[in-house]
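Start at 1 and go down the list; that is how both ligands and their atoms are numbered. We're numbering straight along the sequence, starting at 1.
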Amino acid sequence: MRIDVLTVFPEMFGPVLAAGIVGKAIRNSIADVRVHDLRDFTHDRHRSTDDSPFGGGPGMVMLPGPLFEAVRSLEAGLNAAIVALTPQGRPFGQRTAERLAGLEHVVLICGRYEGIDERVIEGLATEEISTGDYVVSGGEIPAMLIVDALVRLLPGALGHSDEALADDSHTSGLLQHPQYTRPADFEGFAVPEVLLSGNHAAIARWRRQEALRRTLERHPDMLAEAELSAEDIRILRALGWQPPTPVPEPQE
Ligand code: 9D3
């Protein structure tokens, strides 16, 4: 897959695109990630990418000109997603990652300043995405996050630990159970006995219970979509969970 990133801070991306799974996928030509400096698509002496807002107000707004010219230069096909990264966008999640990872081409427009001229959102971008409910200074770190989430989904990107894919919490529907490695006792903190027992059925039951416990405590809304066995529901009830009661349909 190809990913183009449009930004006024291209220098932020180097080490992120070189390291780990993403770096390896790029070196192996599984992903072709290109970072473009928006200033290369300006024509004025100051290479301006922003200007003050019509109607007044604080801060600056990203100019439409350099963004339209940059996207046009990419010759994106009809199946490409042109994504504007803004705090007002639809929330990014694993489902969005899976959909975008299935495309041939994704363009990520990094917002900066107070925002992006709305004509870019309406007339150039195909969608507008936020990575979450917090404020960061621009779309660059959100873009890095999205590149990472997409690239690791591409066939071959995880090597033969592709099996870890099926195991990912947001695919399996539960948060992951706690993990431990050596030593069995670290400064007086012991690893749960069951994990040292060699009893594989007991280990599997313990891990499932801990995954259910964490999901209930930290992300209970995930339980509505998870595939739960009768045994899972028994465990959850013992942890204080009430199965969601169906909302009654209005009667005629
Ligand atoms: C005063 C209103 N603010 C909007 C919530 C102004 C503002 C804050 C931060 C305007 C732009 C930004 C820069 N952030 C992004 O461009 C951004 C972002 C984010 O801040 N949070 C989560 N996802 C994203 S994607 C792009």
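For F186, the CZ atom sits in a loose shell: 12 or fewer heavy atoms of surrounding residues, nucleotides or ligands are nearer than 6.0 Å.
A salt bridge links D232 with R208: the distance from a Lys NZ or Arg NE/NH1/NH2 to an Asp or Glu carboxylate oxygen falls below 4.0 Å. With salt bridges taken as basic N to acidic carboxylate O contacts below 4.0 Å, none links R72 and E69. Using a 4.0 Å cut-off between charged side-chain N and carboxylate O, E231 and R205 make no salt bridge.
With rounding to the nearest 0.5 angstrom, the CZ atom of F92 is 6.5 Å from the CG atom of L100. Atom CZ of R119 is separated from atom CZ of F68 by 8.5 Å, given to the nearest 0.5 angstrom. Of the inter-residue distances, the one linking I235 atom CD1 with L216 atom CG reads 12.0 Å to the nearest 0.5 angstrom.
Follow the hydrophobic side-chain contacts under 4.5 Å out from M1 and you reach L17 in the same cluster.
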Check against side-chain hydrogen bond (donor to acceptor under 3.5 Å, both in side chains), H105 and N79
CA-CA 7 Å; H105 191 184; N79 282 321; over 6 Å; no
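In terms of protein heavy-atom proximity, atom 23 (N) of ligand 1 is closest to T131 N, 3.1 Å. If you check which protein heavy atom lies closest to atom 22 (C) of ligand 1, you get G132 O, 3.3 Å. Looking only at protein heavy atoms, the nearest one to atom 11 (C) of ligand 1 is Y113 O, 3.4 Å. Given atom 8 (C) of ligand 1, the protein heavy atom at minimum distance is V135 CG1, 3.6 Å. Considering only non-hydrogen protein atoms, atom 5 (C) of ligand 1 sits nearest to P87 CB, 3.8 Å. The nearest heavy-atom contact from the protein to atom 6 (C) of ligand 1 is E114 OE1, 3.4 Å. For atom 24 (C) of ligand 1, the nearest non-hydrogen atom of the protein is P142 CG, 3.7 Å. In terms of protein heavy-atom proximity, atom 9 (C) of ligand 1 is closest to V136 O, 3.3 Å.
Near L85, the atoms of ligand 1 lying under 4.0 angstrom from a non-hydrogen atom of the residue are 16 (O), 25 (S), 26 (C). Atoms of ligand 1 found under 4.0 Å from any heavy atom of S137, numbered from 1 in the order shown, are 13 (C).
Counting heavy atoms closer than 4.0 Å to ligand 1, residue C110 contributes nothing at all. Of the heavy atoms in S130, both backbone and side-chain atoms come closer than 4.0 Å to ligand 1.
The shortest heavy-atom distance from G138 to ligand 1 is under 4.0 Å. Distances shorter than 4.0 angstrom occur between a heavy atom of Q88 and an atom of ligand 1.
For ligand 1, the polar-atom distance check against T86 finds no nitrogen or oxygen pair separated by under 3.5 Å.
Pairs engaging residues 15-33 under the side-chain hydrogen bond (donor to acceptor under 3.5 Å, both in side chains) rule: D32-R34 [sequence neighbours left out].
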